[in-house]
Amino acid sequence: AERLQAANTRQQEQLRDLQAHTDAQQAEIDQLTRNLTEASAQGAENANTIDDQRRTVDTLKGEVTQMSDQLSAMMQELREAREAAGPKPETKQAQPVYMSS
């Protein structure tokens, strides 16, 4: 009976150790799950930020294209105005002015 009692006690100790180990593993799993949830939320936030930045870049590209088109049109108008004005008249070279002291 004593040996049976001793064996039973050892098994109970082993069971407590196993339960403690299981509890520690569960706590680690819970922490990893929280970390994963936080990382997932951060990833979603980063993806939204990237999408916002892409939209901003697309908007800016559109504005630059529009300004470039306007500049090209203005340059063309300037060329046409120059052609319509004909050749430039000869301009006299400005003579240097000397100050008398």
Side-chain angles (χ1 to χ4, degrees):
E2 286 181 24
R3 280 189 293 172
L4 190 57
Q5 181 64 34
N8 190 15
T9 301
R10 277 195 311 277
Q11 279 186 330
Q12 286 180 345
E13 288 172 358
Q14 288 175 338
L15 199 56
R16 279 194 298 271
D17 289 347
L18 187 58
Q19 185 63 49
H21 186 65
T22 301
D23 290 346
Q25 285 183 323
Q26 185 61 50
E28 189 175 351
I29 289 169
D30 292 346
Q31 182 60 51
L32 291 171
T33 301
R34 283 191 296 275
N35 292 352
L36 185 59
T37 300
E38 289 173 18
S40 178
Q42 185 64 50
E45 188 177 317
N46 290 346
N48 289 337
T49 300
I50 289 168
D51 288 343
D52 289 346
Q53 290 173 343
R54 274 198 188 111
R55 282 190 290 274
T56 300
V57 167
D58 289 344
T59 299
L60 292 173
K61 280 182 181 177
E63 289 174 6
V64 167
T65 300
Q66 185 179 4
M67 287 190 286
S68 177
D69 292 346
Q70 288 173 345
L71 183 58
S72 293
M74 290 167 67
M75 295 292 287
Q76 181 61 35
E77 288 175 17
L78 185 58
R79 277 192 294 277
E80 290 170 2
R82 281 185 181 158
E83 288 171 7
K88 286 197 286 184
E90 290 298 320
T91 56
K92 286 196 270 180
Q93 285 287 17
Q95 296 301 317
V97 177
Y98 296 101
M99 300 288 285
S100 58
S101 49

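Just so it is clear, the structure is predicted and the values come from calculations on it, not from any experiment.
Atom-to-atom distance recorded for Met75:CE and Arg79:CZ is 6.0 Å, nearest 0.5 angstrom. The CD atom of Gln42 lies 13.0 Å from the CG atom of Asn35; values are rounded to the nearest 0.5 Å. Taking CZ of Arg54 as the reference point, atom OG1 of Thr59 lies at 13.5 Å (rounded to 0.5 Å). Asp30 CG to Arg34 CZ: the interatomic distance, rounded to the nearest 0.5 Å, is 6.0 Å. In this structure, CD in Glu13 is found 11.0 Å from CD in Gln11, a value given to the nearest 0.5 Å. Taken to the nearest 0.5 Å, the CG atom of Leu15 stands 9.0 Å off from the OG1 atom of Thr22.
Under the rule for a side chain to side chain contact (heavy atoms under 4.5 Å, CB included), Leu4 has no partner lying at least two apart in sequence or in another chain. Not counting sequence neighbours, the partners of Asp23 by the side chain to side chain donor-acceptor pair (under 3.5 Å) test are Gln19.
Checked for salt-bridge contact, Arg55 and Asp58 miss the test: no charged N lies under 4.0 Å from a carboxylate O.
Ser68 places no side-chain N or O within donor-acceptor distance of the main-chain N or O of Val64, the cut-off being under 3.5 Å. A donor-acceptor contact shorter than 3.5 Å links the side chain of Thr9 to the backbone of Gln5.
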Check the pair Glu80 / Gln76 against side chain to side chain donor-acceptor pair (under 3.5 Å), numbers first and verdict last. CA-CA 6 Å; Glu80 290 170 2; Gln76 181 61 35; 3.1 Å; yes
